[in-house]
Amino acid sequence: NRNNNKMTIEQLKTEKDDLLKKANTLSVKVKKMYAGIDIGAPMSKEEKEMKRQLSDLFSKINTIVKEINSIKKLTCKKSQ
């Protein structure tokens with residue numbers, strides 16, 4: 001939805017916060033489920049999938065932060 005229309009900084013921050021909540025929830029779930037796992041053992045399919053999802057969420061969050069920073073830079077340049 002971000003590609004087709006320009007989002008405001010507030011909308012981007014809201015989206016980032018929503019993604020952070022999802023990432024935190026998933027992170028807690030992973031830690032609870034796999035707290036006592038032997039690190040020498042291979043990861044289960046489920047653990048790999050959850051870690052991939054976490055990675056994807058943080059990648060999206062990083063992209064949003066970059067967008068917010070770009071908008072702020074443009075706004076600063078226009079106001080000078």
Side-chain angles (χ1 to χ4, degrees):
N1 61 2
R2 278 198 318 273
N3 297 338
N4 294 335
N5 52 357
K6 294 278 184 183
M7 293 182 74
T8 66
I9 289 177
E10 288 306 312
Q11 289 171 316
L12 288 167
K13 285 182 180 179
T14 300
E15 185 175 351
K16 180 189 75 161
D17 291 343
D18 290 345
L19 290 171
L20 277 171
K21 286 177 190 171
K22 288 179 186 177
N24 286 333
T25 301
L26 186 57
S27 179
V28 167
K29 188 176 179 181
V30 169
K31 287 177 184 177
K32 283 182 181 178
M33 290 177 70
Y34 301 102
I37 300 295
D38 175 18
I39 60 169
M43 277 193 259
S44 68
K45 273 187 172 182
E46 294 81 13
E47 185 180 9
K48 285 181 183 178
E49 177 60 23
M50 292 172 117
K51 290 195 176 195
R52 186 195 60 76
Q53 288 173 1
L54 270 174
S55 177
D56 289 347
L57 285 169
F58 283 114
S59 177
K60 289 175 186 176
I61 291 166
N62 190 42
T63 300
I64 291 171
V65 169
K66 287 179 182 179
E67 286 181 45
I68 290 170
N69 290 338
S70 294
I71 291 170
K72 285 181 179 178
K73 283 181 186 178
L74 286 174
T75 305
C76 287
K77 286 181 181 180
K78 286 182 182 180
S79 65
Q80 290 178 348

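- In this view, Gln11 and Thr8 satisfy the side chain to side chain donor-acceptor pair (under 3.5 Å) rule, not counting sequence neighbours.
- Here Leu20 contributes atom CG and Ser27 contributes atom OG; the two are 11.5 Å apart, rounded to the nearest 0.5 Å.
- With rounding to the nearest 0.5 angstrom, the CG atom of Leu57 is 6.0 Å from the CG atom of Leu19.
- Hydrophobic clustering (ILVMFWY, side-chain heavy atoms < 4.5 Å, transitive): Met33 and Leu54 are in one cluster.
- The salt bridge (Lys or Arg N to Asp or Glu O under 4.0 Å) contacts involving residues 17-31 comprise nothing, where partners must be two or more places apart or lie in separate chains.
- Every residue meeting the side chain to side chain contact (heavy atoms under 4.5 Å, CB included) condition with Ile71, not counting sequence neighbours, appears here in chain and number order: Ile9, Leu12, Thr75.
- If you take CG on Asn69 and CG on Leu74, they are separated by 11.0 Å, rounding to the nearest 0.5 Å.
- Looking only at side-chain heavy atoms (C-beta outward), Asn62 and Phe58 stay at 4.5 Å or farther from each other.
- Among residue pairs with one or both ends in residues 42-56, those qualifying as salt bridge (Lys or Arg N to Asp or Glu O under 4.0 Å) are Glu47-Lys51, Glu49-Arg52, Arg52-Asp56; sequence neighbours excluded.
- With rounding to the nearest 0.5 angstrom, the OH atom of Tyr34 is 6.0 Å from the CE atom of Met50.
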